[in-house]
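Start at 1 with the first residue, then count along the sequence. Start at 1 and go down the list; that is how both ligands and their atoms are numbered. Predicted model, so just to flag it, every value in this text is computed and none were measured.
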Amino acid sequence: MSIMFGKARTCNIVPEHEPAECNIVVLGAMGSGKSALTVKFLTKRFISEYDPNLEDTYPSEEIVDQQPVLIKVMDTADQDGPVNCDRYLAWASAFLIVYSIDNRLSFEVCQQYVEAVTLYTKGPHPEAPIILVGNKLDMERYRQVNKADGATLAARFRCLFFEVSACLDFVSVQNVFYEAVREVRRE
Ligand code: GDP
Ligand code: MG
């Protein structure tokens with residue numbers, strides 16, 4: 001009985017649609033800029049060289065739409081696409097699936113990730129939103145993936161889609177992470 005009262009009190013303080021924590025997993029081909037985007041979000045800076053094999057999770061206290069949230073970003077470093085996904089699938093509140101607009105192969109890998117994650121979240125598991133991210137927008141001259149291709153993939157899997165650059169403005173990168181929080185709150 002006392003547990004019931006305790007639960008009710010907690011719910012009064014933190015409404016169910018506003019999670020205090022949001023676990024964001026960043027996925028995509030090696031070299032697509034997952035670490036650069038993560039570091040940009042956390043520090044507002046572009047770090048051009050980052051250990052390609054380093055996988056880690058970083059916490060950041062943020063205020064999104066006047067509501068505090070502890071965002072935990074898992075910057076993954078898989079070399080072989082969506083294999084051994086167990087460590088993040090159940091943990092994730094949301095997925096940022098990244099490709100590089102100047103690399104067609106990274107878009108193919110990204111598609112594999114979208115399919116693998118969707119397969120998982122459509123199963124008997126709570127649905128976690130996916131956000132598709134075309135990175136390296138500053139490399140427009142070398143573009144290999146049309147914006148329309150990204151938009152089509154996003155529409156097919158009903159996910160949000162943004163093109164950004166880890167080395168251009170901070171707010172666009174921050175917005176991608178904040179949109180993930182907003183999507184989780186909408187669930
Ligand atoms: P990860 O393997 O997905 O974590 O990719 P990294 O973040 O390590 O980035 C791979 C390479 O792409 C590095 O040389 C970065 O400097 C570069 N890079 C990352 N983001 C951008 C970007 O937005 N624009 C450009 N021009 N280069 C980027
Ligand atoms: Mg990396």
Side-chain angles (χ1 to χ4, degrees), residues 22-60 62 71-118 120 128-151 153-154 157 159-181 183:
C22 186
N23 297 340
I24 300 178
V25 176
V26 187
L27 297 170
M30 281 189 90
S32 55
K34 299 179 296 296
S35 299
L37 289 169
T38 300
V39 172
K40 180 81 164 196
F41 171 64
L42 296 169
T43 70
K44 301 190 177 172
R45 297 199 178 154
F46 174 64
I47 307 290
S48 65
E49 289 305 321
Y50 201 82
D51 181 348
N53 298 310
L54 184 62
E55 173 167 304
D56 214 337
T57 300
Y58 308 93
S60 182
E62 303 282 335
I71 298 180
K72 292 184 193 158
V73 184
M74 183 191 290
D75 173 28
T76 65
D78 286 333
Q79 299 182 14
D80 308 313
V83 289
N84 303 322
C85 314
D86 292 352
R87 71 189 181 289
Y88 55 73
L89 280 174
W91 180 81
S93 323
F95 299 91
L96 298 189
I97 305 186
V98 181
Y99 66 92
S100 173
I101 68 152
D102 67 348
N103 185 315
R104 188 76 208 175
L105 182 61
S106 76
F107 186 66
E108 312 297 335
V109 173
C110 161
Q111 214 158 318
Q112 292 170 18
Y113 274 109
V114 174
E115 283 163 7
V117 168
T118 304
Y120 175 83
I130 296 171
I131 297 190
L132 189 64
V133 184
N135 186 37
K136 308 197 189 181
L137 191 53
D138 57 292
M139 301 293 271
E140 183 69 53
R141 277 173 302 166
Y142 306 104
R143 187 187 274 275
Q144 292 182 1
V145 185
N146 292 327
K147 191 168 186 182
D149 294 346
L153 180 63
F157 288 90
C159 49
L160 293 179
F161 168 53
F162 299 95
E163 287 190 340
V164 295
S165 165
C167 59
L168 296 179
D169 72 300
F170 164 70
V171 172
S172 305
V173 173
Q174 182 190 49
N175 183 56
V176 171
F177 286 83
Y178 281 13
E179 280 296 320
V181 173
E183 286 287 287

Please confirm whether Pro52 comes under 4.0 Å of ligand 1, counting heavy atoms of the residue only.
no
Measure the distance from atom 21 (C) of ligand 1 to every protein heavy atom, then report the residue, atom name and distance (to 0.1 Å) of the closest one.
Lys136 CG, 3.6 Å
Give the residue and atom name of whichever protein heavy atom lies nearest to atom 19 (C) of ligand 1, and the separation in Å to one decimal.
Ala36 CB, 3.5 Å
Does OH belonging to Tyr142 count more than 12 external heavy atoms closer than 6.0 Å?
no
Please list the nearest protein heavy atom to atom 20 (N) of ligand 1 with its residue and the distance rounded to 0.1 Å.
Asn135 ND2, 3.2 Å
Any side-chain to backbone donor/acceptor pair from Asp169 onto Ser172? Under 3.5 Å, distance only.
yes
For Ser165 and ligand 1, does the shortest N/O to N/O distance drop below 3.5 Å?
yes
Taking both backbone and side chain into account, is any N, O or S atom of Thr76 nearer than 2.8 Å to the Mg ion (ligand 2)?
no
Under the 3.5 angstrom rule, does the side chain of Lys136 hit a backbone N or O of Gly33 as a donor-acceptor pair?
no
Look at atom 2 (O) of ligand 1 and say which protein heavy atom is nearest, naming residue and atom and giving the distance to 0.1 Å.
Gly31 N, 2.8 Å
Ligand 1 to Met30, heavy atom cutoff 4.0 Å, flagged ligand atoms 2 (O)
What part of Ala29, side chain, backbone, both or neither, has a heavy atom within less than 4.0 angstrom of ligand 1?
backbone
Is there a side-chain contact between Arg143 and Leu137 (heavy atoms, below 4.5 Å)?
yes
Please list the nearest protein heavy atom to atom 23 (O) of ligand 1 with its residue and the distance rounded to 0.1 Å.
Ala166 N, 2.8 Å
Please answer whether the main-chain N or O of Ser165 pairs with a side-chain N or O of Lys40 as donor and acceptor at a distance below 3.5 Å.
no
Check ligand 1 against Met139 and write out every atom of the ligand that is under 4.0 Å from a heavy-atom position of the residue.
26 (N)
Donor-acceptor pair, side chain of Ser93 and main chain of Ile24, under 3.5 angstrom:
no
The reported gap from CG in Asp78 to OH in Tyr88 (rounded to nearest 0.5 angstrom) is 5.5 Å
Apply the side chain to side chain contact (heavy atoms under 4.5 Å, CB included) test between Met30 and each candidate in Val109, Asn53, Asp80; give the one that qualifies.
Asn53
Nearest heavy atom to atom 26 (N) of ligand 1: which of Asp138, Leu54, Asp51 does it belong to?
Asp138
A quick test of your reading: do over 12 heavy atoms of other residues, nucleotides or ligands sit less than 6.0 Å from CZ of Arg87?
yes
Closest protein heavy atom to atom 14 (O) of ligand 1, given as residue, atom name and distance to 0.1 Å:
Ser48 O, 3.4 Å
Pick whichever of Gly33, Ser106, Gly134 has a heavy atom sitting closest to atom 5 (O) of ligand 1.
Gly33
